[in-house]
Each structure stands twice: as C-alpha cells, then as structure tokens.
Amino acid sequence: MIVEDGPVVVRQRIESIDPSAVKRTRQEKRKGLKPLDDTDRGVILRFAPNPNGPLSLGHSRGVVINHQYAKMYNGKMVLRYDDTDTVVKPPLVEAYDWIAEDYQWLTGSKPDVVIRASERMPQYLKFGEEMLSKGFGYVCECTSDEFKDYRISMTSCPHRSRSVDENLTQWEKMVQGTMKPGDAVVRVLTDMTLPNPALRDWPAWRIQHKPHPVIGVRYRVWPLLDFQSAIEDHLQGISHIVRGKDLMDSTRKQMLLYEHFGWVYPHTLYWGRVSIHGHGSFSTSNMREGIESEIYNGWDDVRLPTIKSLRRKGYSAEAITSFWIEMGITQKDVAIPLDSINAVNSRIIDPTSRRISLVVNPVNIEVIGELPGSVHIPYHPDRHSVGHREIPLSSKSFLVEESDLSKKFRLKDLADVEKTGDGFAFTSDERTDDRPIIHWISCDLQTTCDLVRSEGEEVFIEHCVIEDADLIVGEVVQLERKGFVRVEEWSEERRTLVWLHR
RNA sequence: GCUCGUGUAGUGUAGUUCGGUCCAUCAUGACGGACUCUCGAUCCGUCGACCCGGGUUCAAAUCCCGGCACGAGCACCA
C-alpha cells in the first residue's frame, strides 16, 4: 500500500490516473445569493413586518433578500403586515403606507400580494376552532407564571385534559369577550416532555380587549405570531421562508402545528443579527418612544437607521440592495461598519453626482489682476455629460474656506493666487506649481443654505455659503473636497442640504 | 438550568454538503505608490484569517470527539 507515502506522492499518483482530479484552479467567490432548494414547484416568498413603525435598515435585508430570490426564480412576493398585537407593539396606522412605499423604493416594484393579518381574522378563527375541535389545542386558564412551572417541570396543567366540548365552550367565551385579558389562552397540544422547553404546549391565541388601531374592537381574541404566521404561510402557499435565526424555535413550533393539520412546512433559511458598528441598537419601539418624547425629530431623523432617514440622506436603493445581496444570508451575528455601506453607495452615486462648491466658514477675498468675465466649469471631472456651468467673475471677489487661506494657493479650475501685502493677486491662470488647490465661490453667484448633519447623538445645522446653482430637490451632489449631500429644499425661501457621507 | 445556533484577515464574505482543485476567494479597510486642477474617482502594490485541543487519514477550514467563546429562544411581542 502507499501508507508511508506523503500527500505529494499520492497526488502524483492520482494525477497519473486522472489529471483533472487534482487540477489547480484559482478559487472564486460565489456571486449573488446561494441557490434555493426545491424550486421546481414554484417559489413564493414573503416579507412580514409588524407595522408598528416604518422600515429600518435591518428590515430592508428582509425586503431585499426575499425580493431577490423571488426575482431569481420568477416567483412571487407576499407583503404581509403582522398586526395582531394591539397591546405590546401596537400597529401605527400610517406605517402600512410607509412600509409599502419603502418596499417599492427598495425593490422598484410592488409586492404580488399584500395582506393584513388583522383583515384575515375570519380565516384564523376558523383554524383556531378547528384546532380545538380536532383536539390538538386546548384552552388553558393558568397564569403565565403557573404555566411556566408546568413547562419547567415537564408536567401537564389541569386544563390540558379538557374535553373538546369544554374547550369549545371556553373558546366561545374568549371569542365573545366574557373572559378578560389574561384569563385564558389557547395552547397547541404538543408534548410537555419535549427537550426544548420553548416547544411545550406553546400559546396560539390570547385575549386582547384593547381596540386595534385599524379595525377597532371587532375581535376579543387574537392569534399570536407563531399561529397566525403558520396559518397564513400555508394559505398563501409560501414555499420558502427566510427569517432571523431568533425565530428558529418559531419554525419548530410551527412545524408541530403543521403536523397536526397535515400540512408541509416551507423550506426555511435563517440569517443572524446585524448591527451597525459603533451604533447602539434601535428597536422600532425605542425609536417610537424617542420620537414621542421629541428626542428625535421624526422617523426620518438623520440619526435613526430607518429607510426614511437613509432616503432623506441620499442613499441609493441600489446600494442597499447590493450591500445585502453581497452579504448573503449567513447565520453569523455581524457588526457592519457604516463605511462599508457608504463605499457601495459612493461607487453608485459618484459617476452622476454634480460637483458643487460650498463653504462653511467663508472669508471674502478680493483679488486683483487679469481675469475673464466668467469661467466655464464642468459639473463632473470625468463625465462631461453631467453638464457644466458658467460662473461670472466680474466682482473679482471670492468666498473661500477660512482655514484654506495661505500665502499661495490655487482657486480650483481658475487661477493661481498669491498674497500681496494686505491683498491677493492673480499670478497665472495656468497651474504653475503644486500649491494647494482650494474650492471657492464667486461673489457674483452665491447664496446661503443650511447643511444638516449628525454626529453621534447630536444634530447640527450649519449655515453655509454655496454657489448658486440650479439644484434640484432630491438630487445628490458632491460638495467639492467635502463629500456627498442630498438637496432637501431648494427655493427662494429655504435651501437645505442633508449630509450623506464622504 | 434546558434547547438551539454561530465561530475563516480590522470588518464583511467565498469555500465546509461529497477531505486532495486551498501555502484559502472577493470586497471593504489600513499602508505605500501612480494618475488627477477636489480631501472625489481611477489604477498598481503591500498587509492580514481557518476559535482551541485531540483523533481518523497518505492528506483536514472541510469528517469525528472534547473544550472554549459569543448569540438567540424558553412572552398572554413580532
């Protein structure tokens, strides 16, 4: 045998038998998302947010990945509002539209199906009742603490052995509203000795008397996520679920329910938690509180990681999309530096962004010497198709950044300047040496604007001078030597820019 | 405590299914350089990783066993 031979010898032998078996090829990184299993019977995916606020950057991962898979397999996308909780994380009436809008912005399309769980109650109630009449659910009147003890000790609670009739009677009381919140809950009958405590007779329905912000007081009993989602996924024929790995036990709970109903559970993929490096975690509820207590100016506050805020700052949907697709769906918990999203965004916006001069701390200098009446400067250094502007220079006065002032400098695209006694003089329109190049604004064509910028927990509004260009609201421009901003307002009365990134 | 999951350069990823094609991919970052009338863009180069310990094998990022670390679930939230 070849036991004493080293791997090199073995490789040579293999090579002599079949060279292709050990051929060295440079390995490559897989592009795009990992293929899905079992796609031949159609692909239907879903994105199921709680409409208790607008979409955040974290949500956008769900939108992007699911939509991308649907696209890859010519499948369908379901946008489902999971709005069955009226107490802990109640829906925000406006959020439904916000989410639809952000969804469309991100994907450039509308979902194939839109569902509000709160409008599907008749369906859920039907299956809830079926569960009880078929004997795989029961009405449990333990308090949550009491049941916790049963769960830990792996023993049955007194209600577990109720008859179907008794369950149906109690259910009717829950539905009619004669029982108060907390009095009872409907559990799915699983097995109290299951090794995973989370799966032991998990709750499917609870009583809520607080009105639903959209549909009011029509129902007294509401399904919990695991039940509602399980039923609706089946009803919609969802083929693949991509969800956070914090919902892994949800999958397992729902599979037990599917077994009872005799259904086939969708294929499920998971991703880990994502946070932005150096930023605290923002939950929708946190943000909502912050807005209500006026710590934040609104959902599009530049400090918040909402899609609204990112849009306001000028991120492109394409950047967010390719960022998530490149990241894929690993189960690792990751902390992303904002810079890596910015890098993707820059790559996309740089070729089309006009270059504009803006000065934060302006100093007015008058320059003596020969100068044309105006100068013709392109809006983009590499792409002349972006256009150009004609800047009048008759006043020979310029605004420059205070910190840029020195003995010798060059006004970019214009002329070399030198300090002469108490003034400044043009020395050449050609570039003569490597003196610093600074940006400038002609006093003939200037206006003021506000620049909104956040730094940590602070928001700053800087009053700046900017060249008076015909900026368009919504466009992203690059401030010469500074970075990208989005034009938020541009009119006679108000001109506001929002800082994007460098 | 029980259950589940994850560990590849600073960061994020590819490769792990089925051991050899891996002295390990790509991007970002840092550093250096070229180019450029922006501190932008572009181009070139450099740096840098398989959580640890055993085992199996001619051969382990990949398989097995045992640790360790981190995260999540065990809600009448989603």
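We use all heavy atoms of the structure for the numbers below, so side chains are in, but hydrogens, waters and symmetry mates are not. Since the structure is predicted, the reported quantities are computational estimates derived from the model, not experimental observations. Below, read A as the first sequence line, B as the second, and so on, with proteins coming before strands; counting in each chain starts at 1.
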Per [X] side chain, nearest of listed nucleotides [options]:
{"X": "A:A343", "options": "B:U28, B:C77, B:U38", "answer": "B:U28"}
{"X": "A:D413", "options": "B:C37, B:C76, B:C4", "answer": "B:C37"}
{"X": "A:D85", "options": "B:C4, B:G73, B:C77", "answer": "B:C77"}
{"X": "A:V334", "options": "B:A78, B:G12, B:C77", "answer": "B:G12"}
{"X": "A:M327", "options": "B:A78, B:G12, B:G73", "answer": "B:G12"}
{"X": "A:Q331", "options": "B:C76, B:C37, B:G5", "answer": "B:G5"}
{"X": "A:I437", "options": "B:A78, B:C37, B:C2", "answer": "B:C37"}

Checklist line | Earlier contact from the 5' end, RNA chain B, for A:E430 and A:K253 | finding: A:E430

Item checked: Comparing A:K245 and A:D404 on RNA chain B - which has the more 5′ nearest nucleotide ->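 Upstream on the strand: A:K245.
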
Using atom [atom1] of each nucleotide, how far apart are [N] and [M] to the nearest Å?
{"N": "B:G73", "M": "B:U28", "atom1": "P", "result": "34 Å"}
{"N": "B:U8", "M": "B:C2", "atom1": "P", "result": "26 Å"}
{"N": "B:G55", "M": "B:G45", "atom1": "C1'", "result": "43 Å"}
{"N": "B:U17", "M": "B:A34", "atom1": "C1'", "result": "45 Å"}
{"N": "B:C76", "M": "B:G71", "atom1": "C1'", "result": "26 Å"}
{"N": "B:C52", "M": "B:A61", "atom1": "P", "result": "11 Å"}
{"N": "B:G15", "M": "B:A27", "atom1": "C1'", "result": "16 Å"}
{"N": "B:U42", "M": "B:C50", "atom1": "P", "result": "31 Å"}

Checklist line | A:R354 to A:Y379, cation-pi by 6.0 Å centre distance and 45° axis angle | finding: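 Cation-pi check for A:R354 and A:Y379: passes.
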
Next item on the list: Please determine if A:R160 forms a cation-pi arrangement with A:Y150, meaning its NZ or CZ atom is less than 6.0 Å from the six-membered ring centre and no more than 45° off the ring axis.
Entry: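 Here A:R160 fails the 6.0 Å and 45° test against A:Y150.
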
Indicate, with a heavy-atom threshold strictly under 4.0 Å, whether [X] touches base, sugar-phosphate, or nothing.
{"X": "A:L247", "value": "base"}
{"X": "A:D145", "value": "nothing"}
{"X": "A:A335", "value": "sugar-phosphate"}
{"X": "A:T330", "value": "sugar-phosphate"}
{"X": "A:G182", "value": "base"}
{"X": "A:C140", "value": "nothing"}
{"X": "A:L225", "value": "base"}

Is there a donor-acceptor pair under 3.5 Å between the side chain of [X] and the backbone N or O of [Y]?
{"X": "A:N52", "Y": "A:P91", "value": "no"}
{"X": "A:N167", "Y": "A:L132", "value": "no"}
{"X": "A:R389", "Y": "A:P378", "value": "yes"}
{"X": "A:R435", "Y": "A:V417", "value": "yes"}

Notebook entry, point to check: Do A:S60 and A:W324 have side-chain atoms, one donor and one acceptor, less than 3.5 Å apart?
Noted result: yes

Give a yes/no on whether any side-chain N or O of [X] is located under 4.0 angstrom from OP1 or OP2 of [N].
{"X": "A:K332", "N": "B:U8", "result": "yes"}
{"X": "A:T84", "N": "B:A78", "result": "yes"}
{"X": "A:R252", "N": "B:A72", "result": "no"}
{"X": "A:R435", "N": "B:C37", "result": "no"}

Check: Using 4.0 Å as the upper bound for N to carboxylate O, is an ion pair formed by A:E401 and A:K482?
Finding: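 A salt bridge links A:K482 with A:E401.
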
Output the rounded distance in Å from [atom1] ([X]) to [atom2] ([N]).
{"X": "A:D226", "N": "B:A78", "atom1": "CG", "atom2": "C1'", "result": "9 Å"}
{"X": "A:I325", "N": "B:G12", "atom1": "CD1", "atom2": "P", "result": "20 Å"}
{"X": "A:Y81", "N": "B:C77", "atom1": "OH", "atom2": "C1'", "result": "20 Å"}

Next item on the list: Would you indicate whether A:E390, at its atom CD, is surrounded by more than 12 heavy atoms from other residues, nucleotides or ligands within a distance under 6.0 Å?
Entry: yes

Next item on the list: Check if the side chain of A:K89 and the base of B:C77 share a donor-acceptor pair of N or O atoms closer than 3.5 Å.
Entry: yes

Checklist line | N/O donor-acceptor pair, side chain A:R410 with base B:C37, under 3.5 angstrom | finding: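 Yes, a donor-acceptor pair under 3.5 Å.
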
Output one line per pair: protein atom, nucleotide atom from nucleotides 40-43 of chain B, and distance, for all N/O pairs under 3.5 Å.
residue, atom, partner, partner atom, Å
B:G40, O2', A:D350, OD1, 2.8
B:G40, O2', A:Q478, NE2, 2.8
B:G40, N2, A:D382, OD2, 2.6

Item checked: Chi angles and distances behind the side chain to side chain donor-acceptor pair (under 3.5 Å) call for A:E232, A:Q228 -> CA-CA 6 Å; A:E232 197 60 71; A:Q228 177 270 125; over 6 Å; no

Margin query: Restricting to side chain to side chain contact (heavy atoms under 4.5 Å, CB included), what partner residues turn up for A:S442, sequence neighbours left out?
Written below: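 Testing A:S442 for side chain to side chain contact (heavy atoms under 4.5 Å, CB included), a comparison that skips the adjacent residues, returns A:I391, A:L393, A:W440, A:D444.
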
Notebook entry, point to check: Parallel, tilted or perpendicular: which fits the ring planes of A:H240 and A:H267, with parallel below 30° and perpendicular above 60°?
Noted result: parallel

Next item on the list: Report the secondary structure of RNA chain B in dot-bracket form, marking unpaired bases with a dot and bases paired to a different strand with |, and treating Watson-Crick or G-U pairs with both distances under 3.5 Å as paired.
Entry: (((((((..(((.......[.....)))((((((.......))))))...(((((..]....))))))))))))....

